[in-house]
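One structure below.
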Amino acid sequence: MTEPLHHRMYLTAYDTAAQNLFDRPRTGFLLRAAVLTELAIRGHLTEVEGAAAVAAAGSTGDSVLDKALGDVGAHRRSWKAWLRYDRKETLEAVEHQLAALGVLTIEEKEKSSFGRGSKRQLTVTDPVAVKALQDGASAILHARDPADRLAPADAALLALAAAGGIPAVLSRKDSRDHKDRIEALTDRLGDIAPGLDKAVHSLRITMIAAQGGMGGS
């Protein structure tokens with residue numbers, strides 16, 4: 001199984017029963033958050049005067065991360081703005097990365113007789129491993145370990161899964177019953193990069209607004 005947070009995030013959002021993402025637009029947001037968090041964990045991003053900023057330039061060895069790092073270096077924007085930016089392109093780029101690694105197969109289906117556009121068939125090559133990843137994220141939610149003792153990437157994965165409402169990781173009841181733990185895990189993002197936690201805390205509202213026609217790509 002792949003290790004970068006944005007790869008783990010994609011697979012966590014994959015519905016193994018439906019053989020597709022649980023919600024494609026939401027996954028785009030979650031991947032943007034995962035990319036920014038991964039860069040912050042690696043020490044490449046921080047916050048300066050309310051805006052995301054490059055703390056360490058240079059190639060990360062990952063084309064998706066490098067693209068995001070270059071964008072942040074070229075423009076002054078808030079974390080929230082970067083979560084909304086380029087999310088469709090980021091989603092497709094991560095899919096191509098996973099396909100190149102042999103983790104995902106992408107099949108373009110032909111246009112139907114009803115005139116609808118072509119549809120992508122996205123299939124993970126190891127659904128058992130994907131389910132184990134999702135179960136692991138769910139276990140973090142129900143564990144008793146203090147949030148500040150978890151690895152930053154693990155805390156971030158669960159925080160983002162909760163923000164996106166990924167059903168393979170937590171139910172609506174889990175979201176209510178473990179609200180304090182989810183908030184504590186999300187707060188960890190502020191330790192990684194100041195201000196990132198606030199952007200993720202408001203991510204659910206951001207996604208709803210965008211899916212209602214208020215957000216750009």
Side-chain angles (χ1 to χ4, degrees), residues 1-45 59-71 82-83 85-110 117-141 143 150-170 185 189 192 200 203 207 217:
M1 188 60 65
T2 51
E3 293 183 0
L5 182 57
H6 48 298
H7 290 179
R8 293 169 65 195
M9 189 75 259
Y10 183 95
L11 297 174
T12 300
Y14 188 86
D15 186 332
T16 55
Q19 294 188 331
N20 206 340
L21 292 171
F22 87 106
D23 185 303
R24 191 168 182 83
R26 288 192 174 217
T27 301
F29 276 106
L30 297 177
L31 285 179
R32 286 297 302 174
V35 165
L36 295 173
T37 303
E38 178 76 15
L39 285 168
I41 290 173
R42 295 188 184 197
H44 288 283
L45 290 184
S59 176
T60 66
D62 182 297
S63 59
V64 173
L65 296 180
D66 286 346
K67 171 65 165 58
L69 185 60
D71 289 339
W82 286 120
L83 289 178
Y85 179 79
D86 213 19
R87 58 187 184 273
K88 294 179 182 178
E89 292 78 6
T90 299
L91 174 53
E92 292 183 359
V94 171
E95 287 176 336
H96 286 298
Q97 282 187 328
L98 291 173
L101 290 169
V103 177
L104 183 75
T105 61
I106 304 173
E107 181 183 357
E108 298 287 352
K109 292 191 173 182
E110 295 181 1
S118 60
K119 181 180 179 181
R120 277 184 163 190
Q121 178 66 48
L122 305 164
T123 308
V124 294
T125 55
D126 191 346
V128 174
V130 172
K131 186 63 169 60
L133 174 64
Q134 294 167 345
D135 289 345
S138 183
I140 292 173
L141 177 67
L150 292 172
D154 290 341
L157 183 66
L158 195 281
L160 293 176
I166 299 178
V169 175
L170 73 171
L185 292 167
L189 299 176
I192 299 168
V200 173
L203 184 56
M207 290 188 292
S217 63

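Reckoned from all heavy atoms, side chains included, excluding hydrogens, waters and symmetry mates. Positions are given from 1, in the same order as the sequence printed here.
The CD1 atom of Ile192 sits 11.5 Å away from the CG atom of Leu39 when rounded to the nearest 0.5 Å. In this structure, the separation between CZ on Phe29 and CG on Asp23 is 10.5 Å, given to the nearest 0.5 Å. Ile41 contributes atom CD1, which lies 8.0 Å from atom CG of Leu189 (distance to the nearest 0.5 angstrom).
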Derivation and outcome, side-chain contact (heavy atoms from CB on, under 4.5 Å), residues Leu65 and Val35: CA-CA 6 Å; Leu65 296 180; Val35 165; 3.8 Å; yes
Working for salt bridge (charged side-chain N to carboxylate O under 4.0 Å, His left out), residues Arg120 and Glu107: CA-CA 6 Å; Arg120 277 184 163 190; Glu107 181 183 357; over 6 Å; no
Criterion side-chain contact (heavy atoms from CB on, under 4.5 Å) on Thr123 and Leu104, from CA distance to verdict: CA-CA 6 Å; Thr123 308; Leu104 183 75; 5.7 Å; no
Steps toward side-chain contact (heavy atoms from CB on, under 4.5 Å) verdict (Thr27, Leu91): CA-CA 7 Å; Thr27 301; Leu91 174 53; 4.1 Å; yes
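In terms of the side chain to side chain donor-acceptor pair (under 3.5 Å) criterion, residue partners of Tyr10 (sequence neighbours excluded) are, by chain and number, Glu95. The salt bridge (charged side-chain N to carboxylate O under 4.0 Å, His left out) test applied to Arg26 returns no partner, not counting sequence neighbours. Residues meeting the salt bridge (charged side-chain N to carboxylate O under 4.0 Å, His left out) test with Lys67, sequence neighbours left out: Asp71, Asp86. With sequence neighbours left out, Ser63 forms a side chain to side chain donor-acceptor pair (under 3.5 Å) with Gln97. With sequence neighbours excluded, the residues that form a side chain to side chain contact (heavy atoms under 4.5 Å, CB included) with Ala34 are Leu5, His6, Met9, Leu160. In this view, Asp154 and Arg8 satisfy the salt bridge (charged side-chain N to carboxylate O under 4.0 Å, His left out) rule, not counting sequence neighbours. Residues satisfying the side chain to side chain contact (heavy atoms under 4.5 Å, CB included) criterion with Ala162, sequence neighbours excluded, are Leu170, Ile182. Applying the side chain to side chain contact (heavy atoms under 4.5 Å, CB included) criterion to Thr125, with sequence neighbours excluded, gives Thr105. Residues that satisfy the side chain to side chain donor-acceptor pair (under 3.5 Å) test with Thr60, not counting sequence neighbours, are Asp66. In terms of the side chain to side chain donor-acceptor pair (under 3.5 Å) criterion, Gln134 has no residue partners (sequence neighbours excluded). Residues passing the side chain to side chain contact (heavy atoms under 4.5 Å, CB included) test with Ala132: none are found, sequence neighbours excluded.
Using a 4.5 Å heavy-atom cutoff, the side chains of Leu30 and Leu203 are in contact. Residues Ile106 and Leu122 have side chains in contact (heavy-atom distance under 4.5 Å, counting atoms from C-beta outward). Taking the side chain as every heavy atom from C-beta outward, Leu141 and Val169 never approach each other to under 4.5 Å. Proximity of Leu98 to His7: side-chain heavy atoms (C-beta onward) are separated by under 4.5 Å at one or more points.
Thr12 approaches Ala161 most closely through the heavy-atom pair CG2-CB, 4.5 Å. Listed here is the closest heavy atom pair of Arg24 and Glu92: NH2-CG, 3.9 Å. Summarising the geometry of Asp62 relative to Val64, their closest heavy-atom pair is OD1-N, 2.9 Å, with the distance given to 0.1 Å. Across all non-hydrogen atoms, the minimal contact from Phe22 to Pro167 is CD1-CD, 3.5 Å.
Within the 3.5 Å criterion, the main-chain N or O of Trp82 finds a donor-acceptor partner in the side chain of Arg32.
In summary, Arg42 and Glu38 engage in a salt bridge, as defined by a charged side-chain N under 4.0 Å from a carboxylate O.
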